[in-house]
Each structure stands twice: as C-alpha cells, then as structure tokens.
Amino acid sequence: MTAWTRTRPTESSTESGAPARTTRAALAALLAGAVLLTGCGAGAQADRSSADGGRYGADGVPAPMAPDGGGRAAEGDRDAGADGTQGGEKRDAVPAPDLVSTFALDVDTASYGYARRALAGGRLPEPGSVRPEEFVNSFRQDYPRPEGDGFSVTVDGARVESGEGGDWSLMRVGLATRPSSRTAERPPAALTFVVDISGSMAEPGRLDLVKESLGILTDQLRDDDSIALVTFSDEAETRLPMTRLDGNRDRVHEVVATLEPTDSTNVEAGVSTGYDVAVEGRRRGANNRVVLLSDALANTGETEADAILERIARARKEFGITLFGVGVGSEYGDQLMERLTNRGDGHTTYVSTPAQARKVFVDQLPAHLELRARDAKAQVAFDPGAVREFRLVGYENRHVENEDFRDDRVDGGEVGPGHAVTALYAVRLKEGASGRVATATVRWLDPRTRAPHEATGTVEAAGLTGDLWSRGTPPRLQVSAAAAYFAQRLRGAETPGAPRLGVLAERVAGLASRTEDASVRRLAESIRSADELLG
C-alpha cells in the first residue's frame with residue numbers, strides 16, 4: 001500500500017521505562033505519570049459538486065474555514081455585521097456540514113482498560129462503556145514527531161471492502177506531539193488528591209494499593225511540589241491542606257497511613273471539597289490539578305453528574321485547575337468518571353494490572369509536567385468528487401460543531417508531550433475516484449501564550465486502495481483497525497469490512513508476532529474471550 005501524506009504547520013492569522021516490579025510500584029508509577037502529565041461521528045453523504053454555494057475551492061476540496069472563529073462574531077464585538085462580516089471584510093464561507101467532521105482530541109484510555117478487566121472476569125462490558133477511540137488510542141503508534149511544539153499530521157489508510165456494499169476504505173488520521181526531554185525543567189506541581197475510602201474500596205487492589213502508591217509518590221516528587229489530600233465516603237474530609245513537600249514528607253506519610261475504608265460513596269462531596277481545597281491552595285505558575293482516585297460508584301449525595309460538572313467547570317474556567325481520573329475496581333462507574341474528566345479538561349485511565357499501569361504511564365507518556373497544546377481540535381474535510389460517504393468511528397462524546405473549529409472559546413482537548421491521537425474513518429469512495437480524498441487539520445493553542453496554531457495533512461485516493469490485511473500495510477494501522485472493529489462489536493455496531501471476532505483474533509495474534517508487542521498479544525486474548533462469551 002502506498003500512502004500520500006503531507007504535513008504543513010502554520011500559525012493562525014488571528015490575534016488571538018522499565019517494567020514495574022510489583023503492583024504497588026506500578027500504580028505508584030501511574031500516579032507519578034498522571035500528575036506529571038497533561039491531561040470526540042455519524043455517517044454523512046458527501047455527494048456534492050464543487051459549485052455548491054461557493055463552499056469549495058478550485059480543486060473541489062471544501063474551502064478552509066475562516067481563521068477568526070468559524071464566522072462567529074466574538075461576544076461583545078459591536079463592529080461585527082449581521083452577515084458575519086468584520087470591518088467591512090466578508091469572511092470565508094463555512095464548508096458544507098455533510099462533508100466535514102470536527103471533534104476535540106482525546107487521550108483517554110479507560111474504556112479499553114475496563115473492558116479488558118470485565119472480559120478477564122468472564123463477562124462482557126456494558127455497551128455504553130465502550131468508546132472505540134479509547135480502544136484505538138491504547139496502542140502505540142509510529143507517527144513521525146514534529147521538531148518543535150505542536151503536532152505532526154499523518155493521513156493514510158487501506159481498502160477494507162469492495163462489492164455490493166460499495167468500495168469502502170479505512171482512513172487513519174494520526175496526530176502526534178514531540179516527546180519531552182527527561183532533563184527538561186518543569187513547573188512545580190500543586191496536586192489535590194481526592195481519594196475514595198468508601199466500603200467498596202476495601203476490595204484488595206483498591207485502597208491498599210492507593211495508600212502505598214501515594215507513599216511512594218510522596219518520595220518521588222520534588223521539594224517545591226505541593227500535595228493536598230481529601231477523602232470521601234458518605235462525607236468528605238480534608239486530611240491535609242495544600243502542603244509543600246520540603247520538610248513535610250513525614251507528615252504526608254503519616255496522613256496516608258491512616259486511610260481506611262468506610263461507609264458509602266458520595267462522589268459529589270469528594271469532588272466539591274477537593275476543588276475547594278485546590279482553589280484555596282492554588283499556586284501561580286504551577287500545574288494545579290485535582291487527581292480523583294475512585295471506583296466512581298456514586299450512591300450517596302448528588303449521584304448524577306450535573307451538579308459535580310458545574311463545580312468542575314467553574315474551577316477550570318476561573319483558576320485553570322484540571323482533573324485527572326484514575327479508575328479502579330471490578331465494578332466501576334466509567335461513564336461518570338469520563339464525564340467528570342471531560343468537563344475538567346483532563347483525561348482518565350483505568351488500572352487493574354501492573355502491565356496496564358506501566359504501558360500508560362511509564363512506557364508511553366512523558367515524565368514531566370508539560371503541555372504541548374491546549375484546546376486542541378481536529379477537522380477533516382472530504383473531497384466531494386471522491387467521497388460518497390464517511391463515518392467517524394467513535395468520538396461521539398467529543399463532537400464539536402463544524403463552525404466552532406476556529407472558535408477558540410470552545411473547549412478542545414489538552415495534549416502533552418509524546419502523545420499520539422488516532423481517529424479512524426470508514427470512507428466509501430466513488431467509483432473511479434482519484435486525486436485528493438481528504439484534508440485533516442489540527443488546531444491548538446500554545447499553552448503559554450494561547451496563540452493559535454494549525455497543521456494539516458492530506459491523503460490521495462491511491463493511498464486508500466491497498467488491502468488492509470496485506471503484508472505491505474503498516475502493522476500499526478492494522479492494530480488500530482482491529483481495536484476499532486473489536487470495540488464496535490462490543491457495543492453492537494456494524495463497521496464496513498469488520499471480520500468475525502474469531503478471524504480478528506487470529507489476525508491480531510499474527511500482528512503480535514510481527515510487532516513483538518505484548519499489548520497486541522493481550523488484545524488478541526481479549527478478542528478471544530469476547531468471542532467465547534458472545535457464542
């Protein structure tokens with residue numbers, strides 16, 4: 001298979017490691033990585049001519065959106081005209097929505113981790129907890145990395161089905177940031193740990209693991225870092241206000257040692273108190289973050305997410321405090337945790353084994369407190385001359401309106417060093433399609449200056465015609481496809497070209513041998529387990 005890929009970074013014209021030795025050490029590494037890190041599609045008919053309302057350029061590709069916020073006048077801007085003009089200058093037209101797909105970047109992986117835990121326990125995950133993008137983004141990619149800050153953009157793919165169902169291809173959009181230098185100087189951290197000590201946390205591998213990991217983490221952080229600790233069961237309690245570690249490590253160890261499971265789970269109380277403590281103890285110039293460690297099985301207080309979401313959103317907007325969620329336990333409130341971290345401009349992961357902790361926080365993610373991009377969004381525009389239909393696989397919870405792509409007031413995703421984000425599209429090409437198929441653009445804000453930047457990549461029709469499962473297709477593209485097919489099957493969705501689970505498991509087992517990647521081998525095992533459970 002041959003792929004045509006082009007990357008072009010631009011600045012907007014607006015003014016605007018080593019294997020863990022024990023489970024405890026692994027979760028400690030998870031926590032250390034978590035707090036030192038940053039931290040969403042539907043089918044569409046695309047059979048339009050380039051003369052449709054002036055929305056397309058001379059080459060038939062949808063015109064780029066206006067670089068001033070997607071044609072939306074800024075709030076309070078009295079000089080903006082009713083027709084979307086600014087100072088007498090008419091803005092560019094917005095592409096036809098049925099040719100464009102827009103979503104916020106997502107680096108969550110909890111959905112896949114929890115699905116693996118459920119399957120290992122002999123049961124299928126709830127379909128609502130399966131998010132295909134998190135399955136796909138749980139695996140290492142081989143995208144080129146940019147030399148500076150920002151993103152590289154890679155677009156490639158392969159043919160997956162040709163016959164009565166049409167000529168379908170799977171297109172991969174890959175976005176990657178530069179890894180962090182381990183010698184880089186990072187800002188200090190102000191970390192508020194919100195720890196679930198409800199009765200359900202008494203299960204082995206929950207609170208006991210959290211306690212010892214917090215102790216190890218206390219010794220790994222720098223003297224100029226700060227820690228606060230809030231616990232919750234039926235009520236919340238501040239065990240430690242924001243405290244600098246210099247000269248206070250013994251005090252932190254003593255507080256952690258006293259944690260014991262009790263009573264019910266009042267997530268609202270824990271999160272609200274945790275944010276109160278984080279706001280009171282926030283430090284200017286530091287990475288201010290709330291870290292929620294819980295099974296998220298709320299059964300007391302406000303058990304719905306709305307009240308908690310409002311509190312999180314206020315703290316993020318007013319004080320820049322973000323949320324990282326660490327899910328634990330055989331029973332886990334995945335959807336609640338995911339909603340909380342999305343509102344907190346953070347991300348979530350789920351851990352049940354040392355291998356998962358090592359993969360997410362030691363092998364893949366940088367060890368420094370840095371951001372490469374704030375409010376990062378991706379937009380993919382399909383060529384009306386080449387594409388009949390497309391479907392974004394997953395990202396439903398990260399959907400962004402097309403006109404909001406360049407509205408920098410609209411939240412996107414926070415992305416750190418060394419991250420790779422993958423989106424997969426099922427694309428039905430027109431008969432005899434040639435030339436450009438799609439243009440992918442990523443937009444983000446500089447973490448320090450908040451200046452907007454963009455990078456783009458394109459793919460030609462010839463780059464989507466090789467067979468997905470041939471030896472010449474990049475194995476990492478095949479792994480991404482397998483993870484997406486698996487997730488779609490678990491949630492009862494159909495995807496063009498998806499093989500039966502038994503066949504998929506065999507193919508993934510072969511990929512494990514080719515890539516020598518243990519995580520791919522574990523994917524094959526999970527697919528086999530699901531195949532047996534589904535009969």
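Salt bridge annotation for R131-D106: absent, with no cationic side-chain nitrogen under 4.0 angstrom from a carboxylate oxygen. Salt-bridge check for R311 with D276: passed, with a basic side-chain N closer than 4.0 Å to an acidic carboxylate O. A salt bridge does not link D167 to R388: none of the charged nitrogens lies less than 4.0 Å from a carboxylate oxygen. For D517 and R476, the salt-bridge test passes: some basic side-chain N is under 4.0 Å from an acidic carboxylate O. The pair D404-K377 does not meet the salt-bridge criterion, since no charged nitrogen lies less than 4.0 angstrom from a carboxylate oxygen.
Between W444 and V415, every side-chain heavy-atom pair lies at or beyond the 4.5 Å cut-off. Residues N137 and V107 fail the side-chain proximity criterion, which asks for heavy atoms closer than 4.5 Å. The shortest side-chain heavy-atom distance between E389 and W168 falls under the 4.5 Å cut-off. Using a 4.5 Å heavy-atom cutoff, the side chains of V326 and L292 are not in contact. The side-chain heavy atoms of R443 and P452, taken from C-beta on, include a pair separated by under 4.5 Å. Contact of the V459 side chain with the V437 side chain is registered, since non-hydrogen atoms from C-beta on lie closer than 4.5 Å. Residues V160 and Y485 meet the side-chain proximity criterion, which asks for heavy atoms closer than 4.5 Å.
Looking at Q379, its side chain never comes within 3.5 Å of a backbone N or O of F405 through a donor-acceptor pair. Proximity of a side-chain donor or acceptor of Q478 to a complementary backbone N or O of L468 within less than 3.5 Å is detected. Panel note: side chain R282, backbone V279; a donor-acceptor pair is recorded below 3.5 Å. Under the 3.5 Å distance criterion, the side-chain polar atoms of E460 are matched with a main-chain donor or acceptor of R436. At least one donor-acceptor pair closer than 3.5 Å links the side chain of D383 to the backbone N or O of G385. Using modelled atom types, one side-chain atom of S152 and one backbone atom of P144 make a donor-acceptor pair closer than 3.5 Å. Judged by distance alone, the side chain of T177 and the main-chain N or O of G150 form no donor-acceptor pair under 3.5 Å. Judged purely by atom type and a 3.5 angstrom limit, T473 uses its side chain to pair as donor or acceptor with the backbone of D467. Of the possible donor and acceptor atoms, one in the side chain of D225 sits under 3.5 Å from a partner among the backbone N and O of A189.
For D149, the salt bridge (charged side-chain N to carboxylate O under 4.0 Å, His left out) partners are R178, R372, R448, not counting sequence neighbours. Every residue meeting the side-chain contact (heavy atoms from CB on, under 4.5 Å) condition with A493, not counting sequence neighbours, appears here in chain and number order: Q488, R491.
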Steps toward side-chain contact (heavy atoms from CB on, under 4.5 Å) verdict (L340, I312): CA-CA 8 Å; L340 297 178; I312 292 173; 3.8 Å; yes
Worked verdict on S480 versus Q141 for side-chain hydrogen bond (donor to acceptor under 3.5 Å, both in side chains): CA-CA 9 Å; S480 296; Q141 296 290 350; 2.7 Å; yes
Criterion side-chain contact (heavy atoms from CB on, under 4.5 Å) on F319 and N288, from CA distance to verdict: CA-CA 9 Å; F319 306 108; N288 295 277; over 6 Å; no
From CA spacing to verdict: side-chain contact (heavy atoms from CB on, under 4.5 Å), H399, F103: CA-CA 5 Å; H399 172 76; F103 58 94; 5.8 Å; no
D375 vs R450, salt bridge (Lys or Arg N to Asp or Glu O under 4.0 Å): CA-CA, chis, key distance, verdict: CA-CA 10 Å; D375 289 326; R450 299 195 69 84; 3.4 Å; yes
Working for side-chain contact (heavy atoms from CB on, under 4.5 Å), residues Y114 and E126: CA-CA 10 Å; Y114 183 52; E126 290 294 326; over 6 Å; no
Verdict with supporting geometry, R159 and T465, side-chain hydrogen bond (donor to acceptor under 3.5 Å, both in side chains): CA-CA 5 Å; R159 180 175 52 81; T465 56; over 6 Å; no
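Rounded to the nearest 0.5 angstrom, S169 OG and D156 CG are separated by 11.5 Å. With rounding to the nearest 0.5 angstrom, the CZ atom of F193 is 10.0 Å from the CZ atom of F324. Here the OG-OH distance, from S101 to Y425, works out to 2.5 Å after rounding to the nearest 0.5 Å. Taking CG of L477 as the start and OG1 of T154 as the end, the distance is 11.5 Å to the nearest 0.5 Å. Interatomic distance, Y275 OH to R316 CZ, rounded to the nearest 0.5 Å: 9.0 Å. To the nearest 0.5 Å, atom OG1 of residue T341 and atom CG of residue L336 are 9.5 Å apart.
When all heavy atoms of R391 and P496 are compared, the pair lying nearest together is NH1-CD, 3.6 Å. Nearest heavy atom pair, residue T441 against residue E454, reads CG2-OE1, 3.7 Å. Looking at every heavy atom in both residues, S294 comes nearest to M337 through O-CE, 3.8 Å. Taking all atoms of both residues into account, the shortest heavy-atom contact from F390 to D98 is CE2-O, 3.4 Å. Here the shortest heavy-atom pairing between A438 and V380 reads CB-CG1, 4.1 Å. Across all their heavy atoms, L490 and P125 have their closest contact at CD1-CG, 4.1 Å.
Within 6.0 Å of the CD atom in E431, the count of heavy atoms belonging to other residues, nucleotides or ligands does not exceed 12.
Taking the six-membered ring for Trp and thresholds of 30 and 60 degrees, Y112 and F135 have ring planes more than 60 degrees apart, a perpendicular arrangement.
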